[in-house]
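To keep things clear, I will list the structure first and then write my remarks on it.
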Amino acid sequence: MVRPGGRYTDPLADVTGHDQIDAMINAVQQQFPGMHFTLVGPVDAHHRQARFGWALGPSGAESLIDGFDVLERDDDGRVTLVLGFLDKVPSA
């Protein structure tokens with residue numbers, strides 16, 4: 001759950017609030033129909049922070065995009081900030 005005013009930023013997006021984050025996720029799903037996000041490795045967390053790797057691609061095939069996110073939560077466990085990094089992206 002995202003806290004009101006929570007922020008997501010990566011090299012391609014910088015959005016704030018549940019509605020904008022939801023719209024950004026929907027846009028990614030529309031851009032990559034049939035693709036799935038997969039967690040890559042364990043989630044490493046301490047205090048109110050967590051980091052994790054992920055991959056986006058078709059099931060059972062090599063990923064098209066790989067990334068790494070760091071998130072921060074408030075005292076109630078709601079996400080306040082996600083910092084996204086893209087490690088592998090398709091060429092234009």
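Contact of the R48 side chain with the D75 side chain is registered, since non-hydrogen atoms from C-beta on lie closer than 4.5 Å. In this structure the side chain of L64 never reaches within 4.5 angstrom of the side chain of L56, judged on heavy atoms. A 4.5 Å side-chain heavy-atom check between H36 and P58 finds every atom pair outside the cut-off. Residues D14 and R7 are in side-chain contact: their nearest non-hydrogen atoms beyond the backbone lie under 4.5 Å apart.
Residues E62 and K88 approach most closely at OE2-NZ, 3.1 Å, considering heavy atoms. The two residues S63 and D66 make their nearest non-hydrogen contact at OG-OD1, 2.5 Å.
There is a path of hydrophobic side-chain contacts, each under 4.5 Å, that joins Y8 to V43. Using a 4.5 Å cut-off between side-chain heavy atoms of Ile, Leu, Val, Met, Phe, Trp and Tyr, with links allowed through other members, V82 and M1 fall into different hydrophobic clusters.
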Practice item. List the steps and the verdict of side chain to side chain contact (heavy atoms under 4.5 Å, CB included) for I21 and H18. Key: CA-CA 5 Å; I21 293 171; H18 183 269; 5.9 Å; no
Exercise for review: Evaluate side chain to side chain contact (heavy atoms under 4.5 Å, CB included) for L86 paired with L12, printing each intermediate quantity in order.
Suggested key: CA-CA 9 Å; L86 301 175; L12 305 174; 3.8 Å; yes
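For the atom pair L81 CG and D74 CG, the distance stands at 12.0 Å (nearest 0.5 Å). Separation of atoms NE2 (H46) and CZ (R51) is listed at 7.5 Å; rounding is to 0.5 Å.
Counting non-hydrogen atoms of neighbouring residues, nucleotides and ligands closer than 6.0 angstrom, the CZ atom of R3 exceeds 12 such neighbours.
Side-chain atoms of D76 never come within 3.5 Å of backbone atoms of R78 as a donor-acceptor pair (strictly under, hydrogens ignored). Remark: side-chain polar atoms of T80 are paired, donor with acceptor, to backbone N or O of E72 under 3.5 angstrom.
Each of W54, F52, F32 was evaluated against F37; a single residue qualifies, W54, per the ring-ring contact (aromatic ring centres under 6.0 Å, His included) test.
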